[in-house]
K.L.:
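What follows is a single structure, and I will ask about it in a moment.
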Amino acid sequence: MELILTDLIYKACLEVQDKHYVNFNLKETSIIIEKPKLASHGDFSCGIAFKLAGQLKKTPLEIAKLIYEIIAKQTIGKLIEDITVTSPGYLNFTVSKLYLYQILKEILEQPNNYGRGQNQPSVLIEYVSANPTGPLHIGHARNAVFGSCLANLLKYAGYKVEEEFYINDTGQQITKLGQSLLVCYKRQLGLSNYNYAIDSYPEWLLLEPIQQIIKEHGQELINLTDLEISDKLATLFMDITINNQKAELNSLKIEFNTWYSEKTLHDSCKIKDMLKLLASNNQTYESEGAIWLKSKELGDERDRVLVKSNNHLTYLATDAAYHLDKFKRGFDYIINIWGSDHHGQVPSLTAILKALNCDINKFSVILTQMVNLSKNGEIVRMSKRMGTVITLKEVIDEVGADAIRYFLIESSPNNSVNFDLELAKKASSENPVFYIQYAYARMSSILRKATNLSPDFDFFNLPSEQIYLKCNKKNTLFAHLFDDNGENYTLHKKLILKLASFKNLITEASQSQQPHKIAHYAYDLANDLQKFYETAKVLNIDDLNQSLDRLLFILAVRTVLANCLIILGLNTPEKM
RNA sequence: GCGCCCGUGGCUCAGUGGAUAGAGCACCCGCCUUCUAAGCGGGUUGUCGUUGGUUCGAAUCCAACCGGGCGCGCCA
């Protein structure tokens with residue numbers, strides 16, 4: 001509807017422009033269709049007249065009337081029932097029953113594709129990418145949930161999406177990990193003359209995996225050199241950690257297409273090739289024994305080291321090779337989801353990609369702000385060194401995957417999140433996610449019981465497109481929803497308009513990359529449905545025709561709500 | 001010092017140029033012989049951090065300031 005109105009008003013404005021010999025220089029995108037808060041202002045409104053007032057030297061009210069004259073004739077009586085011009089210059093539109101009918105029809109005919117887009121570009125989303133040196137925590141979970149919801153949303157909007165996890169499985173941190181593991185291993189085998197280095201990984205982190213490794217491999221490593229043992233231990237440790245991470249992410253309904261190993265970048269010369277390319281683009285120089293990137297010229301605050309004087313690579317160098325590889329794989333868009341504590345890296349990575357001739361318009365980084373864990377209102381301070389980390393696994397076990405997903409997706413990534421463990425737990429009654437799911441379960445229950453009314457109402461198990469075909473033989477369908485012009489009609493209309501706005505929601509949320517909008521929409525929709533549930537009884541033995549209309553209506557609402565829940569990665573419980 | 005994010009009822013947050021700023025939680029009052037009361041209805045709660053500016057119109061855009069979080073390595 002928004003598109004139809006935009007188009008109509010745009011053409012009308014052009015006509016006004018011609019008649020009055022002026023040039024508005026008006027773009028179609030500057031026509032904004034809004035949803036008025038007041039019922040007396042119609043279902044949609046447009047304030048375009050205000051924008052044109054200055055140029056046309058007429059009052060907004062006069063201009064709105066001019067536009068009204070042009071569009072009223074061609075539209076009233078079809079999808080639009082009425083158009084009014086209200087002071088100080090708004091155009092207000094009221095939709096017709098035919099429009100509402102068409103929305104329900106569209107949903108029922110193509111339940112799984114309602115609002116779905118197609119033929120959108122390909123996107124690579126990289127997220128989580130936690131180090132394989134320890135367990136996931138709630139901050140990773142936010143990144144994970146956001147990434148997964150964004151991926152689901154973009155897929156729904158018709159993008160070809162790949163999800164990727166980058167594993168930092170090499171470099172100095174892994175060497176250090178291996179050395180720490182070696183000490184832990186030997187101590188576990190009773191060789192107590194081994195001591196941890198000052199910058200060692202803490203023992204609490206290493207102990208459990210080491211015990212597992214000893215159990216599985218016995219003492220078969222003991223005859224190797226220390227260097228070989230620490231390498232082997234690091235590899236085994238990372239396997240265990242990564243598998244745990246995978247399992248936890250899976251329990252949050254998150255699966256990646258690719259687990260991309262940093263090690264393969266080194267093994268396949270991709271880093272050397274990247275450095276050669278930079279050199280041939282004349283983007284590097286040597287100073288103090290190190291190789292530097294001329295990143296200041298490219299928008300960074302200063303130049304950056306790529307190869308240290310000890311010949312080791314910096315993180316930036318490997319990251320650049322990784323991203324160059326992403327570009328070479330031919331995606332239309334490349335999205336990274338990072339914790340906000342990494343925001344300082346954005347300018348240097350952007351700079352080096354420019355230096356590598358990558359089209360940085362294809363590249364964007366979304367930063368998710370911190371998550372504070374609290375318990376009964378008091379913030380829980382976590383320290384890796386002290387071993388006071390609350391792992392993601394503990395939180396999942398305590399509050400469940402759905403509650404985590406909802407709490408972490410409901411607010412914008414720009415906002416930091418306070419995650420209260422106690423609240424999320426007792427959330428079984430207070431958490432919005434259960435409210436939404438309860439609405440879904442109630443609708444399911446109605447559909448399940450519909451066959452008690454008539455054997456024809458076997459709506460629970462059949463796909464809705466078949467149900468619709470079956471019921472559509474009568475062209476009086478939905479008459480009972482629309483006949484009444486009183487309060488019920490207002491309520492039905494509000495709900496159907498909400499269903500109609502789902503299409504726009506998908507477009508907007510996917511373009512602006514804001515999956516949290518889906519969460520709010522789902523809540524609103526559930527809220528409207530609960531109101532309907534309280535006022536209108538669906539299953540009524542005395543009026544089967546009315547029951548049928550309401551059943552199909554419920555089916556449509558349930559379909560859209562299910563689509564939201566699927567995008568959010570939440571369960572759709574049929575009973576609660 | 002510089003950079004990024006945030007500041008909206010007691011609490012947690014929506015709203016990012018439109019008409020009288022919205023939800024949830026909390027608090028008070030009502031509603032189960034009726035498809036699930038994990039629900040519904042009603043009530044109380046606001047200098048939209050401050051000050052200026054742009055605009056017919058600002059919580060929304062711009063500037064300065066105040067307050068909070070995070071980041072500024074030849075660490076990863």
Side-chain angles (χ1 to χ4, degrees), chain A residues 32 34 36-38 40-41 45-51 53-54 59-60 86-90 92 131 133 168 170-174 176 199 262 287-292 301-302 304-316 318-319 339-348 367-370 372 377 407 410-420 423 427-439 441-450 452-453 512 516-517 519-521 523-524 526-527 529-540 547 550-551 554 575-576:
Chain A
I32 294 160
E34 303 165 85
K37 286 162 196 153
L38 244 69
S40 60
H41 292 149
S45 70
C46 181
I48 188 66
F50 296 105
K51 295 207 170 88
T59 66
T86 51
S87 182
Y90 288 100
N92 295 330
N131 283 332
T133 54
N168 297 108
T170 184
Q172 274 157 313
Q173 59 160 351
I174 303 304
K176 199 169 86 184
D199 61 346
E262 179 187 347
S287 172
E288 300 162 52
I291 296 176
W292 295 70
E301 60 186 75
R302 56 184 190 78
R304 305 278 171 183
V305 172
L306 294 172
V307 185
K308 297 183 242 177
S309 50
N310 65 5
N311 239 359
H312 284 142
L313 294 160
T314 61
Y315 186 79
L316 177 62
T318 47
D319 215 27
S340 65
D341 51 340
H342 291 100
H343 80 261
Q345 295 165 28
V346 178
S348 44
L367 300 165
T368 58
Q369 296 294 318
M370 297 284 138
N372 296 313
F407 270 116
E410 75 172 338
S411 60
S412 141
N414 288 339
N415 248 322
S416 59
V417 166
N418 298 306
F419 192 100
D420 194 301
L423 193 90
S428 49
S429 58
E430 288 165 15
N431 187 333
V433 72
F434 294 102
Y435 180 84
I436 298 169
Q437 291 176 327
Y438 186 59
R442 277 181 144 183
M443 290 190 280
S444 303
S445 176
I446 293 175
L447 296 175
R448 200 164 40 232
K449 293 196 169 167
N452 297 344
L453 226 59
S512 61
H516 72 278
K517 292 193 166 174
H520 290 279
Y521 174 87
Y523 189 90
D524 278 355
N527 184 234
L529 182 276
Q530 303 276 29
K531 285 174 189 164
F532 170 80
Y533 186 95
E534 297 292 334
T535 50
K537 184 143 163 80
V538 175
L539 303 175
N540 178 5
S547 298
R550 290 184 173 173
L551 272 168
I554 286 288
K575 282 182 188 170
M576 278 177 82

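The structure displayed is predicted, hence computed values, not measured ones.
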K.L.:
Looking at A:K517 and A:E410, is there a salt bridge between them, counting it only when a charged N and a carboxylate O are closer than 4.0 Å?
P.N.:
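A:K517 and A:E410: not salt-bridged.
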
K.L.:
Under a 3.5 Å threshold, yes or no: a donor from one side chain and an acceptor from the other, between A:N415 and A:Q369?
P.N.:
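Side-chain D/A pair, A:N415 to A:Q369: absent.
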
K.L.:
B:rG15 phosphate, OP1 or OP2: any side-chain N/O from A:H516 under 4.0 angstrom?
P.N.:
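Result: yes.
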
K.L.:
B:rG15 and B:rU34: how far apart are their C1' atoms, nearest whole angstrom?
P.N.:
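About 38 Å, rounded to a whole number of Å.
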
K.L.:
Can you tell me how far C1' in B:rU45 sits from the matching atom in B:rA26, rounded to whole Å?
P.N.:
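That atom pair is separated by 11 Å.
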
K.L.:
Assuming nearest nucleotide by heavy-atom distance, tell me which of A:H342 and A:C46 is located more 5' along RNA chain B.
P.N.:
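The residue mapped nearer the 5' terminus is A:C46.
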
K.L.:
Of the candidate nucleotides B:rC72, B:rG24, B:rA38, which contains the atom at the shortest distance from the side chain of A:F434?
P.N.:
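Minimum distance to the A:F434 side chain belongs to B:rA38.
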
K.L.:
May I ask you to verify if any side-chain N or O of A:N415 is less than 4.0 angstrom from the OP1 or OP2 atom of B:rC13?
P.N.:
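Answer is no, no contact under 4.0 Å.
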
K.L.:
So how far is it from A:L551 CG to A:L453 CG, rounded to the nearest 0.5 Å?
P.N.:
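A:L551 CG to A:L453 CG: 7.5 Å, rounded to 0.5 Å.
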
K.L.:
Counting heavy atoms from C-beta on, name the nucleotide in B:rC13, B:rU36, B:rC35 closest to the side chain of A:V538.
P.N.:
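Out of B:rC13, B:rU36, B:rC35, the nucleotide with an atom closest to A:V538's side chain is B:rC35.
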
K.L.:
Taking atom C1' in both B:rG42 and B:rU47, what distance in whole Å separates the two?
P.N.:
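Roughly 28 Å separates the two C1' atoms.
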
K.L.:
Does B:rC5 have OP1 or OP2 under 4.0 Å away from a side-chain N or O of A:Q369?
P.N.:
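False: A:Q369 side-chain N/O out of range (4.0 Å or more) of B:rC5 OP1/OP2.
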
K.L.:
Counting any heavy atom closer than 4.0 Å, what does A:Q345 reach on the DNA or RNA strands: base, sugar-phosphate only, or nothing?
P.N.:
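Answer is base: heavy atoms of A:Q345 come under 4.0 Å of a base.
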
K.L.:
Find the partner of B:rA19: check Watson-Crick (N1-N3 plus N6-O4 or O6-N4) and G-U wobble (N1-O2, O6-N3) distances, both under 3.5 Å, and reply none if neither fits.
P.N.:
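No nucleotide pairs with B:rA19.
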
K.L.:
Does the plane of the ring in A:F407 sit parallel, tilted or perpendicular to the ring in A:F419? Use 30° and 60° as the thresholds.
P.N.:
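The rings of A:F407 and A:F419 stand perpendicular, inter-plane angle above 60°.
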
K.L.:
Look through every strand shown and name the nucleotide pairing with B:rG9 as Watson-Crick or G-U wobble, where both distances are under 3.5 Å.
P.N.:
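Answer to the pairing question: none, since B:rG9 forms no Watson-Crick or G-U pair.
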
K.L.:
Can you tell me if A:Y438 is stacked onto the base of B:rG39, using a 5.5 Å centroid cut-off and an angle below 30°?
P.N.:
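Per 5.5 Å and 30° rule: no stacking.
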
K.L.:
Base, sugar-phosphate alone, or nothing: which one does A:A536 contact when heavy atoms must sit under 4.0 Å apart?
P.N.:
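A:A536: base contact, heavy atoms under 4.0 Å.
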
K.L.:
Within the 4.0 Å heavy-atom criterion, would you say A:S416 contacts the bases, only the backbone, or no part of the nucleic acid?
P.N.:
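Sugar-phosphate only.
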
K.L.:
Please give me the minimum heavy-atom distance between A:L539 and A:I446, naming the atom from each residue.
P.N.:
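Closest approach of A:L539 to A:I446: CD1-O, 3.9 Å.
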
K.L.:
Say you pick atom P in B:rC13 and the same atom in B:rC70; how far apart are they, in whole Å?
P.N.:
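Each nucleotide's P atom is 16 Å from the other's.
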
K.L.:
Checking all strands, does A:E288 fall into the base, sugar-phosphate, or nothing category for heavy-atom contacts under 4.0 angstrom?
P.N.:
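Result for A:E288 = base.
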
K.L.:
By the rule that syn is within 90° of 0, classify the base conformation of B:rC28 as syn or anti.
P.N.:
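What B:rC28 shows is an anti base, its glycosidic angle lying more than 90° from 0.
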
K.L.:
Can you tell me the distance, in whole Å, between the NZ atom of A:K531 and the C1' atom of B:rG41?
P.N.:
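About 10 Å, once rounded to whole Å.
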
K.L.:
If only side-chain N and O atoms count, and only distance matters, is there a donor-acceptor pair under 3.5 Å linking A:N540 with A:S547?
P.N.:
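There is no such pair between these side chains.
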
K.L.:
A:F50 near the nucleic acid: base, sugar-phosphate alone, or nothing, with a heavy-atom cut-off under 4.0 Å?
P.N.:
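The residue A:F50 makes base contact.
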
K.L.:
State which of B:rG69, B:rA19, B:rC40 makes the closest approach to the side chain of A:K37.
P.N.:
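Side chain of A:K37 sits closest to B:rA19.
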
K.L.:
So does A:N92 reach the base of B:rA19 with its side chain, donor to acceptor, closer than 3.5 Å?
P.N.:
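When only heavy-atom distances are counted, A:N92 does reach the base of B:rA19 through a donor-acceptor pair under 3.5 Å.
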
K.L.:
Checking contacts here: which listed nucleotide (B:rC4, B:rG18, B:rA76) is nearest the side-chain heavy atoms of A:K308?
P.N.:
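From the listed options, B:rA76 comes nearest.
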
K.L.:
Contact between A:T314 and A:V307 at the side-chain level, heavy atoms closer than 4.5 Å - yes or no?
P.N.:
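SC-SC contact between A:T314 and A:V307 ruled out.
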
K.L.:
Give the C-alpha distance, both sets of side-chain angles, the deciding distance and a yes or no for side chain to side chain contact (heavy atoms under 4.5 Å, CB included) between A:V417 and A:N372.
P.N.:
CA-CA 6 Å; A:V417 166; A:N372 296 313; over 6 Å; no

K.L.:
For A:R302 and B:rG3, is the shortest distance between a side-chain N/O and OP1 or OP2 below 4.0 Å?
P.N.:
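No, outside the criterion.
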
K.L.:
Taking a pair as Watson-Crick or G-U wobble with both distances under 3.5 Å, which nucleotide is matched to B:rG39?
P.N.:
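Across all strands, the one nucleotide that pairs with B:rG39 is B:rC31.
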
K.L.:
For a quick check of understanding: with a heavy-atom distance under 4.0 Å over all strands, which category does A:A441 fall into, base, sugar-phosphate or nothing?
P.N.:
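Result for A:A441 = base.
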
K.L.:
Could you let me know what B:rC72 is paired to, Watson-Crick or G-U wobble, both distances under 3.5 Å, or none if it's on its own?
P.N.:
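Partner of B:rC72: B:rG1.
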
K.L.:
Is there a side-chain polar atom (N or O) of A:N418 under 4.0 Å from OP1 or OP2 of B:rC13?
P.N.:
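Result: yes.
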
K.L.:
Can a donor-acceptor pair under 3.5 Å be found between the side-chain atoms of A:S411 and the base atoms of B:rA14?
P.N.:
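Check fails, no donor-acceptor contact within cut-off.
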
K.L.:
How would you label the contact of A:S309 with the nucleic acid (heavy atoms, under 4.0 Å): base, sugar-phosphate, or nothing?
P.N.:
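Base, at least one base heavy atom under 4.0 Å.
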
K.L.:
Where do A:A526 and A:I436 come nearest, in terms of heavy atoms and distance?
P.N.:
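Nearest pair, atom of A:A526 first, then A:I436: CB-CA, 3.9 Å.
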
K.L.:
Among B:rA19, B:rG39, B:rC72, which is the nearest nucleotide to the side chain of A:E301?
P.N.:
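The answer is B:rC72, which lies nearest to the side chain.
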
K.L.:
Round to a whole Å and report the spacing from OH of A:Y533 to P of B:rG41.
P.N.:
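Atom OH in A:Y533 sits about 14 Å away from atom P in B:rG41.
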
K.L.:
Between B:rC35 atom C1' and A:N452 atom CG, what is the distance in whole Å?
P.N.:
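Value for this atom pair: 10 Å.
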
K.L.:
Give a yes/no on whether any side-chain N or O of A:Y523 is located under 4.0 angstrom from OP1 or OP2 of B:rC25.
P.N.:
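A:Y523 to B:rC25 OP1/OP2: no side-chain N or O under 4.0 Å.
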
K.L.:
Using atom CD1 of A:I446 as one end and atom P of B:rG39 as the other, report the distance to the nearest whole Å.
P.N.:
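After rounding, the gap between these two atoms is 16 Å.
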
K.L.:
Would you classify A:N168 as touching base, sugar-phosphate or nothing, given that sugar-phosphate means primed atoms plus P, OP1 and OP2, and contacts are heavy atoms under 4.0 Å?
P.N.:
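Contact class for A:N168: none.
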
K.L.:
With sugar-phosphate meaning primed atoms plus P, OP1 and OP2, does A:N372 contact a base, only sugar-phosphate, or nothing at under 4.0 Å between heavy atoms?
P.N.:
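Nothing, no nucleic acid heavy atom in range.
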
K.L.:
Heavy atoms only, 4.0 Å cut-off, all strands: where does A:K575 land among base, sugar-phosphate and nothing?
P.N.:
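Result for A:K575 = base.
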
K.L.:
Could you tell me whether A:L38 contacts a base, only the sugar-phosphate backbone, or nothing, with contacts defined as non-hydrogen atoms closer than 4.0 Å?
P.N.:
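Base: the residue A:L38, judged by heavy atoms under 4.0 Å, touches a nucleobase.
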
K.L.:
Expressed as a whole number of Å, how far does the C1' atom of B:rG9 sit from that of B:rC35?
P.N.:
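Here B:rG9 and B:rC35 have their C1' atoms 37 Å from each other.
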
K.L.:
Reading RNA chain B from 5' onward, which residue's closest nucleotide shows up sooner: A:V417 or A:Q173?
P.N.:
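Here A:V417 is the residue nearer the 5' end.
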
K.L.:
Hey, does A:N311 reach any base, or is it just sugar-phosphate, or nothing, if we go heavy atoms under 4.0 Å?
P.N.:
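Nothing, no heavy atom under 4.0 Å.
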
K.L.:
Does the aromatic ring of A:H41 sit over the six-membered base ring of B:rA19, closer than 5.5 Å centre to centre and tilted less than 30°?
P.N.:
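Yes; by the centre-distance and plane-angle rule, A:H41 counts as stacking on B:rA19.
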
K.L.:
Could you grab the distance from atom NZ of A:K51 to atom SG of A:C46, nearest 0.5 Å is fine?
P.N.:
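A:K51 atom NZ to A:C46 atom SG measures 7.5 Å (nearest 0.5 Å).
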
K.L.:
Checking base pairs now: Watson-Crick or wobble, both atom distances under 3.5 Å. What partners B:rU47?
P.N.:
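Per the H-bond distance test, none.
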
K.L.:
Let's see if you can work this out: which of B:rC40, B:rG18, B:rA14 has an atom nearest to the side-chain heavy atoms of A:Y435?
P.N.:
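Closest nucleotide to the A:Y435 side chain: B:rC40.
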
K.L.:
Between atom CD in A:E534 and atom C1' in B:rC40, what is the gap in whole Å?
P.N.:
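The answer, rounded to whole Å, is 4 Å.
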
K.L.:
Side chain of A:S340 only, heavy atoms from C-beta on: which candidate in B:rC4, B:rC70, B:rC72 is closest?
P.N.:
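That would be B:rC70.
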
K.L.:
Within this structure, what is the NE2-to-C1' distance between A:H343 and B:rC72, rounded to whole angstrom?
P.N.:
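Answer to the nearest Å: 7 Å.
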
K.L.:
Across the strands shown, which category fits A:T86 at heavy-atom distances under 4.0 angstrom: base, sugar-phosphate, nothing?
P.N.:
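Answer is base: heavy atoms of A:T86 come under 4.0 Å of a base.
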
K.L.:
At 4.0 Å (heavy atoms only), tell me whether A:K537 reaches a base, stays on the sugar-phosphate, or touches nothing.
P.N.:
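The residue A:K537 makes base contact.
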
K.L.:
Can you check the A:N527 CG to B:rC25 P distance for me, whole Å?
P.N.:
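A:N527 atom CG is separated from B:rC25 atom P by 10 Å.
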
K.L.:
Could you tell me the separation between the CG atom of A:L313 and the C1' atom of B:rG73, rounded to a whole number of Å?
P.N.:
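The distance from CG of A:L313 to C1' of B:rG73 comes to 16 Å, rounded to the nearest Å.
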
K.L.:
Please measure how far the C1' atom in B:rA59 lies from the corresponding atom in B:rU51, and state the result in whole Å.
P.N.:
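Looking at atom C1' only, B:rA59 and B:rU51 are 16 Å apart.
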
